[in-house]
Amino acid sequence: MKKILIYLVLVSTIIINMYFMLYWQPQDENAAREVGVQETVAYSKPLYKINKEKALNQLSTDNKKELEKIIKKLSSFDIGKIKEYYEDTNDNEDLIEIFKLLKKRLTTEDYKKVEEISSSFLDIQEIDKRIKNN
């Protein structure tokens with residue numbers, strides 16, 4: 001009886017393997033989905049109103065002092081992160097990350113002052129909208 005059972009298992013295994021090798025044809029993932037591919041192009045609105053390098057030079061001395069006073073309230077790690085984001089090439093995403101960090105670490109009053117000072121060279125409404133969407 002044991003030999004018959006082993007024989008049946010072996011024969012069924014051989015038959016299944018033969019089917020897979022000779023007849024079975026897996027479908028390509030793209031063909032199986034049969035979904036039309038649509039390209040979407042995202043045109044993001046620039047967040048800088050003027051050139052990034054000219055932005056800080058445009059600030060008045062009072063505004064620069066106010067920003068320095070607010071930034072000194074942050075930890076050295078946070079300041080390092082802000083510098084890293086600012087120097088990176090992906091301007092829009094990094095600017096969003098800077099404002100997320102500022103919003104998290106600063107008081108509401110200080111954050112509003114940063115927004116007010118930055119509004120002369122940044123699109124603050126667009127930044128807030130993107131922060132809320134993320």
Side-chain angles (χ1 to χ4, degrees):
M1 184 72 182
K2 196 174 184 180
K3 287 184 178 182
I4 294 174
L5 186 60
I6 292 173
Y7 178 75
L8 287 174
V9 170
L10 285 175
V11 169
S12 63
T13 305
I14 291 172
I15 290 173
I16 290 172
N17 285 331
M18 293 295 288
Y19 168 76
F20 283 133
M21 289 188 327
L22 299 175
Y23 298 107
W24 185 66
Q25 296 177 352
Q27 293 180 346
D28 185 24
E29 283 184 31
N30 294 334
R33 290 185 201 157
E34 294 183 20
V35 175
V37 177
Q38 295 179 347
E39 279 189 41
T40 50
V41 179
Y43 294 103
S44 60
K45 193 174 178 183
L47 300 178
Y48 283 98
K49 294 179 181 177
I50 60 172
N51 191 348
K52 177 180 175 178
E53 285 74 28
K54 295 178 183 177
L56 294 178
N57 295 334
Q58 174 192 330
L59 288 176
S60 68
T61 54
D62 293 337
N63 285 343
K64 285 182 184 179
K65 286 180 184 177
E66 189 69 33
L67 272 179
E68 284 179 20
K69 189 169 79 173
I70 292 171
I71 288 176
K72 285 181 182 177
K73 295 178 182 180
L74 297 171
S75 70
S76 59
F77 180 76
D78 290 338
I79 293 171
K81 281 298 233 185
I82 289 173
K83 284 182 182 177
E84 181 182 317
Y85 289 141
Y86 184 76
E87 292 168 356
D88 202 5
T89 57
N90 195 354
D91 290 338
N92 287 349
E93 289 179 20
D94 291 328
L95 195 57
I96 300 299
E97 292 300 319
I98 288 172
F99 273 87
K100 280 184 188 177
L101 181 67
L102 291 174
K103 193 170 195 171
K104 187 176 4 174
R105 301 284 194 235
L106 295 175
T107 63
T108 307
E109 181 181 313
D110 287 338
Y111 181 74
K112 292 293 182 189
K113 281 195 179 206
V114 169
E115 280 187 331
E116 181 183 316
I117 293 169
S118 302
S119 65
S120 63
F121 59 90
L122 293 175
D123 187 359
I124 297 297
Q125 292 173 342
E126 183 67 23
I127 291 172
D128 285 339
K129 187 188 323 177
R130 289 189 191 182
I131 289 174
K132 288 177 185 174
N133 289 340
N134 288 336

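Starting from 1, each residue takes its place in the sequence as its number.
- For CG of L10, the number of neighbouring non-hydrogen atoms (other residues, nucleotides, ligands) closer than 6.0 Å is greater than 12.
- Here the NZ-OG distance, from K81 to S75, works out to 11.0 Å after rounding to the nearest 0.5 Å.
- The number of heavy-atom neighbours closer than 6.0 Å to NZ of K73, taken from other residues, nucleotides and ligands shown, is above 12.
- In plain terms, the two heavy atoms of I70 and D110 that are nearest each other are CD1-O, 3.8 Å.
- Here the closest non-hydrogen pair linking L59 and F121 is CD2-CE2, 3.8 Å.
- In terms of heavy-atom proximity, F99 sits nearest to I131 at CB-CD1, 3.7 Å.
- Taking 4.0 Å as the cut-off between side-chain N and carboxylate O, K100 and E97 count as a salt-bridged pair.
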- Query: Please walk me through it: do E116 and K113 pass salt bridge (Lys or Arg N to Asp or Glu O under 4.0 Å)?
  - Reply: CA-CA 5 Å; E116 181 183 316; K113 281 195 179 206; over 6 Å; no
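- Placement of F77 and I79 in two distinct hydrophobic clusters is found when ILVMFWY residues are connected by side-chain heavy-atom separations under 4.5 Å, directly or transitively.
- The two residues Y85 and I98 have their closest heavy-atom pair at CB-CG1, 3.5 Å.
- At most 12 non-hydrogen atoms from other residues, nucleotides or ligands lie less than 6.0 angstrom from NZ of K65.
- Considering only heavy atoms from C-beta on, L74 comes within 4.5 Å of I82 through its side chain.
- Note: L101 CG to L106 CG = 8.0 Å, rounded to the nearest 0.5 Å.
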- Item | side chain to side chain contact (heavy atoms under 4.5 Å, CB included) between I15 and V11, intermediate numbers included | CA-CA 6 Å; I15 290 173; V11 169; 3.8 Å; yes
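- A heavy-atom distance below 4.5 Å is not found between the side chains of I96 and N92.
- Rounding to the nearest 0.5 Å places NZ of K104 at 8.0 Å from CG of D78.
- Taken to the nearest 0.5 Å, the CG atom of D128 stands 11.0 Å off from the CG atom of N133.
- The line from OG of S118 to CG of D123 is 12.0 Å long, rounded to the nearest 0.5 Å.
- Look at K129 and E126 and you find a salt bridge, because one of the NZ, NE, NH1 or NH2 atoms lies within 4.0 Å of a carboxylate O, short of that distance.
- K112 and E115 are joined by a salt bridge, as a carboxylate oxygen and a charged side-chain nitrogen come within less than 4.0 angstrom of each other.
- By the 6.0 Å contact criterion, CD on Q125 is open, its count of non-hydrogen atoms from other residues, nucleotides or ligands being 12 or less.
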